[in-house]
Amino acid sequence: MWHHREVSLPNGYILYVDDFSWIEHPSQTAKAVHDVGELDIQGDIVFGTRWDSWDEEFLGYFILDTQLQVVWYTRDENEWVEKLNEMGIKEPKVRWPGLFFNGYPLWLLVILMSILLPVILLTIWILRQFILEERQLYQDRFDRL
């Protein structure tokens, strides 16, 4: 079965993350943006890079206005940055849509690790003690023979 992760975007759009990523809107039959690489969201605007999913060739940049349902493409980074600046977006910082992209901030990982790490270490210590005791019991039985 085919599994992918879904990331909610503004105005009902969805980013599907798998071996390659794409953006769709449930009311549209065609994909809004194919081969999404890295991206960011500011307000109703989703913008980022596109990469060929098979040979990892750079395809260009995109800007999706989710309110107007319009996608704009270019291969020129300066043109892309200029268009984003016109839309009020300064210094675009795109990133891969991984675990912390939507709803999982870094502080959550720090809290989870601060809880899990001591539990894991305590479990290892308890198991080690148990194994050492078993080994000693075995050695005592062997010595009595």
Side-chain angles (χ1 to χ4, degrees), residues 1-140:
M1 176 162 232
W2 189 20
H3 297 284
H4 52 261
R5 193 169 60 84
E6 298 177 10
V7 178
S8 296
L9 300 175
N11 298 310
Y13 281 85
I14 300 170
L15 170 70
Y16 295 95
V17 182
D18 203 345
D19 293 339
F20 58 95
S21 301
W22 68 96
I23 298 173
E24 287 184 7
H25 192 279
S27 69
Q28 299 173 350
T29 56
K31 293 178 183 174
V33 181
H34 296 270
D35 300 316
V36 175
E38 297 175 316
L39 73 152
D40 197 4
I41 306 164
Q42 289 193 24
D44 291 325
I45 308 299
V46 179
F47 55 93
T49 61
R50 296 179 60 238
W51 293 84
D52 184 284
S53 55
W54 299 110
D55 61 11
E56 299 182 8
E57 176 186 345
F58 178 72
L59 298 174
Y61 301 91
F62 73 92
I63 300 172
L64 167 63
D65 186 326
T66 63
Q67 186 175 8
L68 299 176
Q69 297 188 347
V70 174
V71 183
W72 181 81
Y73 298 100
T74 185
R75 288 188 61 86
D76 184 339
E77 181 179 14
N78 292 328
E79 188 178 8
W80 179 68
V81 169
E82 186 177 308
K83 181 82 169 168
L84 287 170
N85 286 336
E86 290 171 11
M87 301 172 105
I89 298 171
K90 309 291 184 210
E91 299 180 29
K93 294 179 181 163
V94 296
R95 60 200 189 278
W96 182 78
L99 177 62
F100 300 110
F101 188 83
N102 192 10
Y104 298 101
L106 185 57
W107 62 264
L108 181 59
L109 177 65
V110 172
I111 290 172
L112 286 174
M113 288 311 296
S114 67
I115 294 168
L116 290 176
L117 188 60
V119 169
I120 291 168
L121 292 175
L122 181 62
T123 303
I124 291 171
W125 184 80
I126 291 171
L127 287 172
R128 182 178 173 272
Q129 294 298 351
F130 178 75
I131 291 169
L132 288 176
E133 286 177 17
E134 287 296 314
R135 220 183 255 164
Q136 186 61 44
L137 284 172
Y138 180 77
Q139 185 65 40
D140 288 347

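Small disclaimer: the values here were computed from a predicted structure and weren't measured.
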Can you tell me which residue pairs pass the ring-ring contact (aromatic ring centres under 6.0 Å, His included) test with a partner in residues 23-51, sequence neighbours excluded?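 Found Tyr13-His25, Trp51-Phe58.
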More than 12 heavy atoms from other groups under 6.0 Å of CD on Glu91: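 No, the 6.0 Å shell around CD holds no more than 12 heavy atoms from other groups.
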Under 6.0 Å from the NZ atom of Lys93, do we count more than 12 heavy atoms belonging to anything else shown?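 Count not over threshold, so no.
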Any chance you could measure [X], atom [atom1], to [Y], atom [atom2], to the nearest 0.5 Å?
| X | Y | atom1 | atom2 | value |
| --- | --- | --- | --- | --- |
| Ile14 | Ile23 | CD1 | CD1 | 11.0 Å |
| Leu9 | Leu39 | CG | CG | 7.0 Å |
| Ile63 | Ile89 | CD1 | CD1 | 7.0 Å |
| Ile131 | Gln129 | CD1 | CD | 10.0 Å |
| Thr49 | Leu59 | OG1 | CG | 9.0 Å |
| Glu38 | Ser21 | CD | OG | 11.0 Å |

Of all heavy-atom pairs between [X] and [Y], which one has the smallest distance, and what is that distance?
| X | Y | result |
| --- | --- | --- |
| Gly48 | Val94 | CA-CG1, 3.7 Å |
| Pro26 | Gly12 | CD-O, 3.1 Å |
| Ile41 | Pro10 | CG2-CG, 3.7 Å |

Any chance you could lay out the side chain to side chain contact (heavy atoms under 4.5 Å, CB included) test for Tyr61 and Val81, step after step, and finish with the verdict? CA-CA 10 Å; Tyr61 301 91; Val81 169; over 6 Å; no
Inter- and intrachain pairs under side chain to side chain donor-acceptor pair (under 3.5 Å), touching residues 67-85, at least two apart: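 Every pair satisfying side chain to side chain donor-acceptor pair (under 3.5 Å) with a residue in residues 67-85: Gln28-Gln69, Thr74-Glu79.
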